[in-house]
Every structure is written in C-alpha cells, then in structure tokens.
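Okay, so here's the structure we're looking at.
Quick note: numbers below take in every heavy atom, side chains included, and nothing from hydrogens, waters or symmetry partners.
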Amino acid sequence: LMYAPHREELPETADIVCNMPLFRDLEPEALAQLAKATEEMFFSPGDIVITEGDESDCMYVIARGAAAVTKQSRGKEIFLDTLCGGDIVGEMALLTGEKRNATVQAVTTATVGRIDRASFRQIMKHARSLRARVWTAF
C-alpha cells in the first residue's frame, strides 16, 4: 500500500445533501437549485456550529464528521444527542424562525452544507412537497 496508495475522490457536499432521503425525490431542477444553494463549511473539533438562543436563518446538513447536541438546563449543560453524516440541524429556523433551542458542537472534523432560508424558500416554490417532508423530519 505504501508504494501504490489507493485514493478515492470524496463526493461533493452538495451531492451528499441532494442524495439524502429528505431531498432524493426532488425534481432535477429543484435538486440543481439545492446543490447551488448549499455552501460547504468546515469545522474543527470543538468549533460551535449552532449556539442555543441565537437567531438564525439557515440549516446545516452534516456531510462528514460528528457533532454533539447540548442544551442548558438549570445552569447545567445536558447532552442530548450525537449527530453524524446525513443528519440535519437547524431546520426549525427555516420553518418557524424561532431561536436555536440547542448548541451543536463539532466533535470531530466536520464538513457541513449550509442552506439559507431565502434559498430554501425559493426551492420550495418549485418543490411544494419538500416543505411537508422537512416538517415531518422536524
């Protein structure tokens, strides 16, 4: 292996997002818009992706890596979940406009796709079933 290393190309974050069950059945035009709207971001272990209480207008799709979800309760940090590739965080911001209800922190190096509310609403105009799917996932 040292003399003939095997290299594989990693799929683009936008492609990973488009192939998620939530988006997989979208029309080709909507998928193209989703891929274009997905901004690739990288987080190191310990970086905060979302902070509880913040206002936001985007959601994140974890493409690679892992993140911990925590919430403050009575002055203590409570661990809620570990998220990994394919998980969505912050979808509530797209649907309700409410403040973040938990903190999401990268546990490993993480690659995420960021999708803002304006772009997502534009996509939903062409793919009306998407809104129902996101509500179901939420």
Residue pair Met59 / Ile88, side-chain heavy-atom distance below 4.5 Å: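 Met59 vs Ile88: side chains touch.
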4.5 Å side-chain heavy-atom contact, Pro45 and Val107: no
My understanding is that only residues two or more places apart in sequence, or in another chain, count here; which of them pass side-chain contact (heavy atoms from CB on, under 4.5 Å) with [X]?
X	value
Ala35	Ala14, Cys18
Ala30	Leu26, Glu27, Ile123, Ala127
Ile62	Ala67, Leu83, Val112

Side chain to side chain donor-acceptor pair (under 3.5 Å) against Thr103, all qualifying residues, sequence neighbours excluded: none
By side chain to side chain donor-acceptor pair (under 3.5 Å) - contacts of Asp87 (at least two apart):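 So Asp87 forms no side chain to side chain donor-acceptor pair (under 3.5 Å) with any residue.
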Whether Thr108 side chain and Ala66 backbone form a donor-acceptor pair below 3.5 Å: yes
Approximate separation, where rounding is to 0.5 Å, of [X] [atom1] and [Y] [atom2]:
X	Y	atom1	atom2	result
Phe43	Thr111	CZ	OG1	10.0 Å
Phe120	Gln33	CZ	CD	11.5 Å
Gln122	Lys36	CD	NZ	10.5 Å
Arg117	Met124	CZ	CE	9.5 Å

Under-4.0 Å salt bridge between Asp57 and Arg114: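 Answer for the salt bridge query: yes.
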Which donor-acceptor pairs under 3.5 Å do the side chains of residues 46-56 make with protein atoms, sequence neighbours left out?
unit_1, atom_1, unit_2, atom_2, d
Asp47, OD2, Ser44, N, 2.8
Glu52, OE1, Gln72, N, 2.9
Ser56, OG, Cys58, N, 3.4
Ser56, OG, Arg100, NH2, 2.5

Shortest non-hydrogen contact between Phe79 and Thr82, atoms and distance: CZ-OG1, 3.2 Å
